[in-house]
Amino acid sequence: MSLSFRRASLASLGLAFGLSALSLSPLMAQETKPADATAPAAPAAPVDPNAVVATINGEKLTEADLQLAEGELSQQFAQLPPDQRRAAALSAAIEIRVMAKKAVDSGLDKDADFQRRMAFLQARALHGEVVEKEVVDKVTDAEIRARYDQEIANTPPVNEVHARHILVKTKEEAEAIIKQLDGGADFQKLANEHTNDPSGKTSGGDLGWFGPGQMVPEFDKAAFALDVGKYTKEPVQTQFGWHVIKLEDKRAKQPPAFDDVKDQAKQAVIRDKYFAMVKDLRAAAKVEIPDEKLKKDVDTLEAGK
C-alpha cells in the first residue's frame, strides 16, 4: 500500500542558521599515497584545558575557552566540515573578545538594561547547572526502567490487524469485485488485477500490520470491525476511492522494547524530578505578585503543571 493512505506524522521544524562558505586553498594536484585502511587509528592525544590557543590584547584564550565556544556556537557551525569548525570557533571567540573589550571601554557594561540582562542570563545559567547536576546527573538506570514498566502497565492493551485491500475508482467496480469474492474468487489474485494502489498490484493488496488510527477513519473502522478471514460485504469509501478490505489476522500489539524508548523514559523521569524540585522550591520561597490578575493567571498556569 502506498504511504498516502497512512496518517502523515508532522516533522519538527527548526530554525536554520546560515554561514558563508570559507575560502579554501586548492589541494595539491599530485596524488598522495592512500592511507592503509587496515591500520588502527591513532588515539587522540589528551587535551590540556589550560593550554593557550590565542592571546587577545594580552588576555589568554585557553583550550577550555575554545571548547566552550564550539559548544555554544555548534548550531551555527553545523554546516561546516569538521576540520573547519575549530578555526571558525576560534575566530568567533576572538571576535567576541575584541567586541566585548570595546563595549567595556565604551562603558556599555554599566548600562542598566545590560546589567538586568546579565543578571537574568546568570540566573538562567545557574538554573541550567542545577538541572544538570541535581536532576539529570542523578537519574539512575533503575528509575528509567521503573518508569518504562509503569508506562507499559498503564497502557491499555491494543489490537493491531493484518489486512489486504482492493482500491478502485467507483462503487460499482467494488461491488463487482465483492460479487466475485462471494463466488469463491481469490482475493490476492483480484487485488493484483484490479487495485489502483501501486504497491498492492504485486502483493495481493497486502497492507501488513497496523494499529488503530494509522489509516484514514473510514478504512480504520471497517478493518477493525471484520472477523479474521472475512472481507467487507459493502464497499468502503474514503478520500482515495472505494475499497474492498479483507482481514488476514489480529493480534495484541506488542509494547515497544525498552531499549527503543529508553531515552523517552529517561526524559519523563527528568521532567518529573524537575517539576518536583521546582514545586518544593516554590513552596519554600516567598513570592509576591501585586497585580491580582497576573497573580491569578500565574497560579492557574502553575496548577496545570
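These numbers were taken from a predicted model, which means no experiment stands behind them. Scope of the values below: all heavy atoms of this structure, side chains included, with no hydrogens, waters or symmetry mates.
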| task | Assess the pair Phe219 and His165: is the distance between their ring centroids shorter than 6.0 Å? | result | yes

Tightest non-hydrogen contact, residues Ile245 and Ala222, listed as CD1-CB, 4.0 Å

Shortest non-hydrogen pair, Leu190 vs Ala185, comes out as CD1-CB, 3.7 Å

Salt bridge (charged side-chain N to carboxylate O under 4.0 Å, His left out) pairs, two or more places apart, involving [range]:
{"range": "residues 69-86", "answer": "Glu63-Arg86"}
{"range": "residues 88-111", "answer": "Glu59-Arg97, Asp65-Arg97, Lys101-Asp105"}
{"range": "residues 234-244", "answer": "none"}

### Query
Hey, are Arg116 and Asp113 close enough for a salt bridge, meaning a charged N less than 4.0 Å from a carboxylate O?
yes

Grouping ILVMFWY residues whenever side-chain heavy atoms fall under 4.5 Å, the cluster of Val104 otherwise contains none

Connected to Met99, directly or through other members, by ILVMFWY side-chain contacts below 4.5 Å are Val53, Ile56, Leu61, Leu66, Leu90, Ile94, Val98

Kindly work out whether a path of hydrophobic side-chain contacts (I/L/V/M/F/W/Y, heavy atoms less than 4.5 Å apart) joins [X] to [Y].
{"X": "Val158", "Y": "Val228", "result": "no"}
{"X": "Ile178", "Y": "Leu226", "result": "no"}
{"X": "Leu108", "Y": "Ile96", "result": "no"}

Those residues at least two apart in sequence (or on a different chain) that pass side-chain hydrogen bond (donor to acceptor under 3.5 Å, both in side chains) with Asp263 are none

Residues passing the side-chain hydrogen bond (donor to acceptor under 3.5 Å, both in side chains) test with Ser74, sequence neighbours excluded, are none

Heavy-atom count around Met277 CE within 6.0 Å, excluding the residue itself: above 12? yes

Q.
Please determine whether the number of non-hydrogen atoms from other residues, nucleotides or ligands lying under 6.0 Å from atom NZ of Lys250 exceeds 12.
A. yes

Show me the donor-acceptor pairs within less than 3.5 Å that the side chains of residues 137-148 make with the rest of the protein, sequence neighbours left out.
unit_1: Lys138; atom_1: NZ; unit_2: Glu134; atom_2: OE1; d: 2.9
unit_1: Thr140; atom_1: OG1; unit_2: Glu143; atom_2: N; d: 3.1
unit_1: Thr140; atom_1: OG1; unit_2: Glu143; atom_2: OE1; d: 3.4
unit_1: Glu143; atom_1: OE1; unit_2: Thr140; atom_2: N; d: 3.0
unit_1: Glu143; atom_1: OE2; unit_2: Lys273; atom_2: NZ; d: 3.0
unit_1: Arg145; atom_1: NE; unit_2: Asp149; atom_2: OD1; d: 3.4
unit_1: Arg147; atom_1: NE; unit_2: Glu151; atom_2: OE2; d: 3.0
unit_1: Arg147; atom_1: NH1; unit_2: Asp272; atom_2: OD2; d: 2.3
unit_1: Arg147; atom_1: NH2; unit_2: Glu151; atom_2: OE2; d: 3.1
unit_1: Tyr148; atom_1: OH; unit_2: Pro256; atom_2: O; d: 2.6

So ring-ring contact (aromatic ring centres under 6.0 Å, His included) across residues 176-195, not counting sequence neighbours, yields none

For residues 279-305, the ring-ring contact (aromatic ring centres under 6.0 Å, His included) pairs (sequence neighbours left out) are none

Under 3.5 Å, is there a donor-acceptor pair between the side chain of [X] and the main chain of [Y]?
{"X": "Asn192", "Y": "Gly204", "result": "yes"}
{"X": "Thr238", "Y": "Glu218", "result": "no"}
{"X": "Lys171", "Y": "Trp242", "result": "no"}
{"X": "Asp220", "Y": "Gly213", "result": "yes"}

Applied to residues 275-304, the side-chain hydrogen bond (donor to acceptor under 3.5 Å, both in side chains) test, sequence neighbours excluded, yields Arg282-Glu302, Lys293-Asp297, Lys295-Asp299, Glu302-Lys305

So the side-chain hydrogen bond (donor to acceptor under 3.5 Å, both in side chains) pairs with at least one residue in residues 118-127 (sequence neighbours excluded) are His127-Tyr274

Stepwise side-chain contact (heavy atoms from CB on, under 4.5 Å) test for Gln188 and Arg164:
CA-CA 8 Å; Gln188 294 185 45; Arg164 296 178 186 274; 3.5 Å; yes

Can you tell me if Thr232 and His243 form a side-chain donor-acceptor pair at under 3.5 Å?
no

- Query: Side chains of Ser199 and Asp197: donor-acceptor distance under 3.5 Å anywhere?
  - Reply: yes

